[in-house]
Amino acid sequence: MPELPEAETIARGLNRRLARRRLGPVALLRSDIVHGDPRPLDRLLPGRRVMRVHRQAKRVVLDLQPATQLVFHLGMSGRLYLCGVAEPIEKHTHLRIRIVGTHHELRFRDPRRFGGVWCLTGSHRHKGKRLGEVGLEPLETTPAVFRRILSRQRQIKALLLDQRAIAGLGNIYSDESLHAAHIHPLAKAGDLDRAAADRLLRAIKTTLRKAIRFGGSTFMDYRRADGAEGSFQRYHRVYNREGKPCRACGTTIVRIRAAGRSTFFCPKCQPVA
DNA sequence: CGCATTTCCTGGAGGC
DNA sequence: TGCCTCCAGGAAATGC
């Protein structure tokens with residue numbers, strides 16, 4: 001379940017190995033995962049040079065020259081990694097792109113297919129799904145701007161999951177941030193006073209930065225660009241810890257449903273306001 | 001309009 | 001062992 005820290009980790013790993021490289025032949029094994037410019041990828045991509053790989057919200061973006069962006073959304077089971085061209089092709093591998101001058105290729109694999117690839121060229125023609133608009137980049141947001149998105153009646157957990165409001169948080173980091181900020185997941189966003197709102201933004205930043213330092217959280221599918229697992233899951237305080245003692249106070253962690261998602265919190269650290 | 005809920009998809013877990 | 005059901009979740013679609 002790649003969220004911002006996982007996308008950041010993958011982007012950094014790929015940037016180190018792909019910057020300045022040229023893309024070679026493309027094999028598209030499943031075409032309905034590709035959106036954007038309707039021309040085939042094996043005509044659009046070969047010969048283009050990777051200028052850099054970076055992250056936007058939860059997405060991994062390859063900036064290509066001339067003027068093209070290849071945007072990967074990993075959904076929940078998506079993996080994007082470099083491997084030797086002779087490595088066995090795992091089930092649900094949808095796209096392979098050779099890297100010129102190496103014996104490696106970039107592979108996109110996504111069993112559950114909630115993810116996808118967008119090839120953006122500036123062409124006015126477009127096929128497939130539109131890439132949704134994204135809201136605030138949490139690591140670059142000021143308290144005053146953050147307070148502006150706290151719509152009145154909305155549950156704070158639902159708001160944190162809404163990519164159009166603030167981008168990059170998924171289920172794990174929403175729960176971890178709310179715990180660190182001592183805010184109940186069902187609290188109404190508009191009920192947060194200024195101190196609580198500022199505390200929440202600080203908790204979001206701290207949690208994301210720490211997760212990035214540990215290479216993200218691996219539960220099932222997520223791997224770094226080099227195949228290694230992240231390790232931040234060892235430091236989760238609430239996520240997936242139903243029935244276990246809170247790491248701050250020892251109270252039993254509770255699981256409820258919020259915004260249609262499993263939501264974990266500590267009833268003592270995160271009291272109803 | 002502004003919310004909340006359902007849907008898409010597959011693999012893994014657990015029941016029997 | 002095998003078959004069944006349920007669950008995970010990002011984001012679009014649908015419902016209230």
Side-chain angles (χ1 to χ4, degrees), chain A residues 1-8 10 29-36 55-61 71-80 89-95 107-118 126-138 148-178 184-192 204 208 211 216-223 229-230 232-233 236 238-243 253 255-265:
Chain A
M1 30 203 104
E3 304 178 29
L4 185 153
E6 290 76 27
E8 178 72 29
I10 292 168
L29 294 90
R30 190 178 173 114
S31 59
D32 62 0
I33 56 133
V34 181
H35 317 278
R55 174 197 63 78
Q56 183 189 44
K58 297 176 184 175
R59 302 162 185 171
V60 177
V61 182
V71 180
F72 289 87
H73 195 300
L74 302 177
M76 82 164 280
S77 61
R79 286 186 53 190
L80 186 62
I89 297 169
E90 294 176 280
K91 201 176 171 186
H92 306 297
T93 299
H94 305 316
L95 176 65
R107 289 186 185 173
F108 176 60
R109 181 173 174 257
D110 185 16
R112 266 161 257 197
R113 281 187 279 127
F114 282 11
V117 189
W118 279 258
H126 187 101
K127 71 155 184 137
K129 291 192 266 189
R130 293 274 163 187
L131 205 43
E133 295 294 316
V134 289
L136 305 175
E137 272 291 341
R148 255 179 256 149
I149 66 163
L150 299 177
S151 59
R152 202 171 309 276
Q153 282 303 309
R154 198 130 192 233
Q155 291 173 357
I156 188 64
K157 162 98 185 213
L159 185 77
L160 295 184
L161 290 174
D162 184 346
Q163 302 302 297
R164 293 163 304 181
I166 184 166
L169 296 172
N171 213 27
I172 295 174
Y173 297 109
S174 298
D175 282 2
E176 292 299 315
S177 300
L178 287 168
H184 193 287
L186 299 181
K188 298 281 188 251
D191 290 346
L192 298 183
I204 288 168
L208 293 176
S217 307
T218 294
F219 270 102
M220 320 160 83
D221 300 293
Y222 163 73
R223 292 292 185 284
E229 299 193 352
F232 188 63
Q233 65 279 4
H236 290 176
V238 285
Y239 184 78
N240 212 26
R241 297 194 65 246
E242 181 186 18
I253 300 296
R255 170 196 187 128
I256 59 170
R257 204 104 186 131
R261 294 282 166 262
S262 278
T263 297
F264 303 88
F265 71 103

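The chains referred to below are lettered A, B, ... by the order of the sequence lines, with proteins before strands, and numbering in each begins at 1.
- To the nearest angstrom, P of B:dA4 lies 13 Å from NZ of A:K157.
- Atom CG in A:L186 sits about 15 Å away from atom C1' in B:dT5, given to the nearest Å.
- Applying the side chain to side chain donor-acceptor pair (under 3.5 Å) test to A:T263 and every residue at least two apart in sequence or in another chain returns A:K157.
- With sequence neighbours excluded, no residue forms a side chain to side chain donor-acceptor pair (under 3.5 Å) with A:R148.
- Every residue was checked against the salt bridge (Lys or Arg N to Asp or Glu O under 4.0 Å) condition with A:K58, not counting sequence neighbours, and none meets it.
- For A:E3, there are no salt bridge (Lys or Arg N to Asp or Glu O under 4.0 Å) partners, not counting sequence neighbours.
- Contact annotation: A:K91 reaches the phosphate of B:dG11 (side-chain N/O to OP1 or OP2, under 4.0 Å).
- A donor-acceptor pair is defined here as one N or O able to donate and one able to accept, closer than 3.5 Å; no such pair exists between the side chain of A:E242 and the backbone of A:I253.
- For A:R154, the salt bridge (Lys or Arg N to Asp or Glu O under 4.0 Å) partners at least two apart in sequence or on another chain are A:D162.
- Summary for the helix from B:dG2-C:dC16 to B:dC16-C:dG2: the axes at its two ends, each from 5 pairs, differ by 50° when rounded to the nearest 10 degrees.
- Interatomic distance, A:W118 CH2 to A:L131 CG, rounded to the nearest 0.5 Å: 5.5 Å.
- Map A:R113 and A:A158 each onto its nearest nucleotide of DNA chain B; the residue landing nearer the 5' end is A:A158.
- The shortest distance between the side-chain N/O atoms of A:H92 and the OP1/OP2 oxygens of B:dC9 is not below 4.0 Å.
- Under the rule for a side chain to side chain donor-acceptor pair (under 3.5 Å), the partners of A:S262 that lie at least two apart in sequence or sit in another chain are A:R255.
- Atom-to-atom, CG of A:L150 to C1' of B:dC3 comes out at 16 Å; the value is rounded to the nearest Å.
- Atom CZ of A:R154 and atom C1' of B:dA4 are 9 Å apart (whole Å).
- Atom CG in A:D162 sits about 12 Å away from atom P in B:dG2, given to the nearest Å.
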- Summary of protein contacts for nucleotides 9-16 of chain C, nucleotide by nucleotide, where a base hit scores B, a sugar-phosphate-only hit scores S (4.0 Å, heavy atoms): BBBS----
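- Here A:H92 pairs with nothing under the ring-ring contact (aromatic ring centres under 6.0 Å, His included) rule; sequence neighbours left out.
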